[in-house]
Amino acid sequence: MQISLDRLTRRETDKIDLNFCQKIDTINYCDIDYKLASPVSINGKVSTTKTGFYLDVDVEFTVLDNCSRCLEEVEVPIVYSIQGFLVKEDFDENSFENDDAFIYDGQVLNLVNIIEQTLDFKMPARVLCNESCKGLCTKCGANLNKQDCSCNKIANDEEIIDPRFAKLKDIFKND
């Protein structure tokens, strides 16, 4: 998702409208590559201001993640806005104290990099397939949403003892 800012730099126009969808395979967030289930939809503009170029876009896409309880794959819709100034690497941080600033190379704007930088508070901390998800059995690992686990039946029928402590059980038999 490379956007050329050549026309803004040469002052041929004062804004570039961005309204497109593009298929991207993965988005990197916290050193994890998330697969995307939908194209990334961008709607907004890059405009010229007295301070420099200003990016104002709405972003929408769907990420594939795993349920925190049962580990099933879940589609997570992500919708948010990105607003901030586009700056070169040697910018004065005090000039953009109250605004977001995104570094670009001067000619091309890489929107994927900006999306990856702005995902911090947009990705949910915990994903659930549904609120009533039962999760996995802690003993056998069965998905309790799809099947009943037999661990509870075995525990009721006979006492389950860790094999490392089985010899300790025989200590009190002679009493």
Do Ile32 and Ile78 share a hydrophobic cluster, counting only Ile, Leu, Val, Met, Phe, Trp and Tyr and linking them when any side-chain heavy atoms are less than 4.5 Å apart? yes
So, taking the atom named CG in Asn19 and the one named CG in Asn43, what distance separates them when rounded to the nearest 0.5 Å? 4.5 Å
Only residue of Asn110, Ile82, Leu109, Asn113 satisfying side-chain contact (heavy atoms from CB on, under 4.5 Å) with Phe102 is Ile82
Compare all side-chain heavy atoms of Leu36 with those of Asp25 and state whether any distance is below 4.5 angstrom. no
List the atom pairs, donor and acceptor, that lie under 3.5 Å between side-chain atoms in residues 127-134 and the rest of the protein, sequence neighbours left out.
unit_1, atom_1, unit_2, atom_2, d
Asn130, OD1, Ser132, N, 3.0
Asn130, OD1, Ser132, OG, 3.1
Asn130, OD1, Cys133, N, 2.9

Would you compute the distance between atom OH of Tyr34 and atom CE of Met123 and round it to the nearest 0.5 angstrom? 4.5 Å
CD (Glu116) and CG (Asp33) are apart, to the nearest 0.5 Å, by 8.0 Å
If you compare all heavy atoms of Gln117 against all heavy atoms of Asp120, which two are closest, and at what distance to 0.1 Å? O-OD2, 4.0 Å
Taking a hydrophobic cluster as the set of Ile, Leu, Val, Met, Phe, Trp and Tyr residues connected by side-chain heavy atoms closer than 4.5 Å, whether directly or through intermediates, do Val108 and Ile24 fall within one such cluster? no
Can you confirm whether more than 12 heavy atoms, excluding those of Arg10, are under 6.0 Å from its CZ atom? yes
Please test Glu75 against Leu64 for side chain to side chain contact (heavy atoms under 4.5 Å, CB included), starting from the C-alpha separation and ending with a verdict. CA-CA 5 Å; Glu75 290 188 0; Leu64 293 176; 3.4 Å; yes
Close side-chain approach of Leu111 and Phe20, heavy atoms under 4.5 Å: yes
Report whether Val74 and Leu136 are members of the same hydrophobic cluster (ILVMFWY, side-chain heavy atoms less than 4.5 Å apart, transitive linking). no
To the nearest 0.5 angstrom, please state how far the OG atom of Ser41 sits from the CD atom of Gln22. 11.5 Å
In one Ile/Leu/Val/Met/Phe/Trp/Tyr side-chain cluster, 4.5 Å: Tyr80, Ile42: yes
Under the side chain to side chain contact (heavy atoms under 4.5 Å, CB included) rule, what do Leu144 and Cys137 come out as? Steps first, then yes or no, please. CA-CA 7 Å; Leu144 300 175; Cys137 173; 4.2 Å; yes
State whether Glu73 and Lys35 are salt-bridged, where the test is any N-O pair (Lys NZ or Arg NE/NH1/NH2 against Asp/Glu carboxylate O) under 4.0 Å. no
Contacts under 3.5 angstrom, residues 52-61 side chains, donor-acceptor by atom type, not counting sequence neighbours:
unit_1, atom_1, unit_2, atom_2, d
Asp56, OD1, Gln83, NE2, 3.3
Asp58, OD1, Ser81, OG, 2.6

Can you name the nearest heavy-atom pair linking Asn145 to Gly135, along with the distance? ND2-N, 4.1 Å
When you look at Tyr104 and Ile114, which way does the side chain to side chain contact (heavy atoms under 4.5 Å, CB included) test go after all the steps? CA-CA 9 Å; Tyr104 77 109; Ile114 292 176; over 6 Å; no
Verdict with supporting geometry, Leu5 and Leu86, side chain to side chain contact (heavy atoms under 4.5 Å, CB included): CA-CA 11 Å; Leu5 300 177; Leu86 302 176; 4.0 Å; yes
